[in-house]
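I am attaching a structure below and will ask some questions about it afterwards.
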Number of protein chains: 2
Amino acid sequence: MDDQGPTRLRRDAERNRQRVLTAARRLFSETGLAVSHDEVARAAGVGVGTVYRRFPRKEDLLLALFEDQVEQVVQLAETAGARADPWRGLTTFLEAMLQMQAEDRGLHEYLLGPQAASLAVRATERISPVVGDLLSRAKELGQVRADVEVADVALVPVLVGAVLDRARGVAPDQWRRVLALVMDGFRPGADGSLPGQPLDPGQLEQVFTHWKGRPA
Amino acid sequence: MDDQGPTRLRRDAERNRQRVLTAARRLFSETGLAVSHDEVARAAGVGVGTVYRRFPRKEDLLLALFEDQVEQVVQLAETAGARADPWRGLTTFLEAMLQMQAEDRGLHEYLLGPQAASLAVRATERISPVVGDLLSRAKELGQVRADVEVADVALVPVLVGAVLDRARGVAPDQWRRVLALVMDGFRPGADGSLPGQPLDPGQLEQVFTHWKGRPA
DNA sequence: ACGGAAGCGGAGCGGGCTCTCCGCTTGGTG
DNA sequence: CACCAAGCGGAGAGCCCGCTCCGCTTCCGT
């Protein structure tokens with residue numbers, strides 16, 4: 001992991017860079033992404049200018065912080081994909097991913113927000129086939145109803161995430177119950193079939209990235 | 001419905017009040033609650049001062065706008081509660097309520113946000129027993145699994161609402177598919193039982209009102 | 001018709017956020 | 001050690017927001 005690209009940073013600069021990253025990681029994880037550069041600077045004990053110099057756009061900072069977490073999610077998926085039992089593969093993947101989001105509020109907002117953009121798109125491209133495979137194997141075994149698609153699974157974190165987020169200070173585990181409930185909806189045996197169509201990949205991407213959230 | 005309480009408004013004042021309400025209704029419904037008083041004033045063709053004079057806190061404006069919509073939701077529940085088939089009662093209630101939210105972004109944010117506070121609490125007190133009754137009748141008929149409670153039903157709009165919101169410009173009906181999927185999770189026949197406990201009423205209230213949303 | 005109460009508009013204040021700019025400091029090199 | 005590019009800090013510009021305040025206008029009772 002030697003840095004080299006555009007000539008190395010001076011030693012003090014690198015030290016400050018790390019301070020900023022450390023402080024930002026803590027702040028984001030605890031309070032979410034709505035943290036100003038000023039706050040990060042203060043927490044890191046450096047000037048605002050320094051933060052802006054290293055990470056001109058907030059996205060640069062987020063990228064540096066979350067790149068490996070996203071990689072970790074992808075690997076979660078790949079591990080799950082290798083499981084013999086596809087149903088367990090699906091559920092454990094979703095559970096593990098949501099667990100990560102439960103522990104890190106920033107990661108949660110990042111994954112579900114628009115800033116993930118390119119990073120998320122690339123991750124999705126690697127996760128989708130794995131989940132798709134799990135899903136079709138699960139259908140063959142009669143573990144999952146026939147009328148759900150990958151796009152439906154992709155919405156599960158959105159559903160459960162909403163509860164995860166709101167219940168965070170109150171019942172930090174409630175999302176597990178909700179996840180179980182939702183996953184039971186994927187089981188075969190429903191009398192009707194699902195109305196409408198699953199989202200196509202383009203729509204799915206928009207649902208994740210076009211989104212400009214603002215609450216109240 | 002005669003106004004009288006604190007002496008009537010002058011005629012021009014009343015006219016302005018209506019203009020503000022009309023403009024605010026449109027803005028909120030289209031773009032959500034994150035509209036400044038300035039914007040409302042401009043859209044209504046009045047000065048900011050006028051908006052503040054009539055509706056000092058944003059909550060006052062919201063209350064005036066959404067009071068009867070909330071009442072409508074309560075009546076939806078009561079109608080549904082009178083249905084012979086409790087399962088259909090439950091699903092049609094949720095569907096109708098979410099339909100209202102799909103049509104009015106402001107209502108959606110209001111119901112799921114913290115500003116509803118007192119209004120929502122009162123509404124919940126009227127809706128809960130009705131849903132509780134539907135639920136127990138449905139359980140007796142074997143239409144619903146035994147391990148779900150009213151609090152679990154109460155989370156359904158949160159789940160589905162997350163999709164409703166994000167998919168709004170892209171696939172405005174996707175929430176119906178998601179709702180159907182989630183509701184199938186309430187059906188009996190799951191092999192395991194749900195982990196954890198349903199939220200108690202106090203927790204539920206916090207989940208709805210303590211919530212300070214901020215996205216990215 | 002006219003006087004005073006009620007209402008009006010919008011300039012302006014305080015505060016937060018993003019981001020820039022520049023005089024001073026520091027690290028590394030010859 | 002001496003020099004200067006690299007880096008630093010933070011004041012402050014520009015923007016939007018919520019909210020207030022007060023000189024002018026409009027309504028309405030007498």
Side-chain angles (χ1 to χ4, degrees), chain A residues 2-24 27-28 31-65 106 109 113-115 212-216, chain B residues 3-24 27-28 31-65 106 109-110 113-115 212-216:
Chain A
D2 56 322
D3 254 286
Q4 186 61 314
T7 57
R8 283 256 278 299
L9 286 178
R10 234 167 60 178
R11 203 177 279 149
D12 56 341
E14 179 57 32
R15 185 172 44 79
N16 280 337
R17 204 185 105 97
Q18 291 306 333
R19 281 193 192 170
V20 168
L21 285 173
T22 306
L27 286 178
F28 286 151
T31 64
L33 301 186
V35 172
S36 69
H37 280 210
D38 271 56
E39 282 174 279
V40 173
R42 220 174 309 127
V46 305
V48 222
T50 301
V51 180
Y52 277 101
R53 197 172 314 107
R54 264 349 127 205
F55 308 99
R57 298 165 310 149
K58 179 171 244 174
E59 170 146 0
D60 301 316
L61 184 50
L62 297 176
L63 194 65
L65 283 176
E109 290 179 8
Q115 30 264 17
K212 301 175 193 214
R214 30 249 292 301
Chain B
D3 254 287
Q4 186 62 316
T7 56
R8 282 255 280 301
L9 286 177
R10 236 167 59 177
R11 201 175 279 149
D12 54 343
E14 180 57 31
R15 184 172 43 79
N16 280 338
R17 203 184 107 96
Q18 292 306 331
R19 282 192 191 170
V20 169
L21 285 173
T22 307
L27 286 178
F28 287 152
T31 65
L33 302 186
V35 173
S36 67
H37 280 211
D38 272 56
E39 283 174 279
V40 173
R42 220 174 308 127
V46 305
V48 221
T50 301
V51 179
Y52 278 101
R53 197 170 314 106
R54 267 343 130 205
F55 307 99
R57 297 166 310 150
K58 179 171 244 173
E59 169 147 3
D60 301 316
L61 183 50
L62 296 176
L63 193 65
L65 282 175
E109 291 179 8
Y110 185 67
Q115 30 264 17
K212 302 178 188 209
R214 32 248 288 303

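The sequence lines fix the lettering, A, B, ..., with proteins before strands; numbering per chain opens at 1. Atoms considered below: every heavy atom in the structure, side chains included; atoms not considered: hydrogens, waters and symmetry mates.
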For nucleotides 18-24 of chain C, print each protein N/O atom paired with a nucleotide N/O atom at under 3.5 Å, atom names and distance only.
none

Protein-nucleotide distance (R54(A), atom CZ; dG7(D), atom P), rounded to Å: 5 Å
Sugar-phosphate, base or nothing in reach of R42(A), heavy atoms under 4.0 Å: nothing
N/O contacts under 3.5 Å, protein versus nucleotides 26-28 of chain C?
residue: dT26(C); atom: O2; partner: R10(A); partner atom: NH1; Å: 3.2
residue: dT26(C); atom: O2; partner: R10(A); partner atom: NH2; Å: 3.4
residue: dG27(C); atom: O4'; partner: R10(A); partner atom: NE; Å: 3.4
residue: dG28(C); atom: OP1; partner: R11(A); partner atom: N; Å: 3.3

Whole-Å distance separating the CG atom of L33(B) from the P atom of dG18(D): 12 Å
Backbone N/O of L33(A) and side chain of K58(A): donor-acceptor pair under 3.5 Å: yes
Interatomic distance where CG belongs to N16(B) and P belongs to dT25(D) [whole Å]: 17 Å
Value in whole Å for how far the P atom of dG7(C) lies from CZ of F55(B): 13 Å
Any side-chain heavy-atom pair of F55(A) and L21(A) under 4.5 Å: yes
Close side-chain approach of R19(A) to R15(A), heavy-atom, < 4.5 Å: yes
Given DNA chain C, 5'-ward residue of the pair E39(A) and V46(B), judged by closest heavy atom: V46(B)
E39(B) side-chain N/O to S36(B) backbone N/O, donor-acceptor pair under 3.5 Å: yes
Y110(B) side chain near L65(B) side chain, heavy-atom distance below 4.5 Å: no
Distance-minimising heavy-atom pair for V40(B) and A23(B): O-CB, 4.2 Å
Test item: R17(A) and T50(A) side chains (from C-beta on) under 4.5 Å apart, heavy atoms: no
L61(B) vs Y52(B) side-chain heavy atoms within contact, under 4.5 Å: no
Length of the line joining Q18(B):CD and dG7(C):P, which is rounded to integer Å: 15 Å
Nearest-Å distance for atom pair CZ/C1', residues R19(A) and dG9(D): 13 Å
salt_bridge(R57(B), D60(B)) N-O dist < 4.0 Å: yes
Rounded distance (Å) that lies between atom P of dC17(C) and atom CG of L27(A): 13 Å
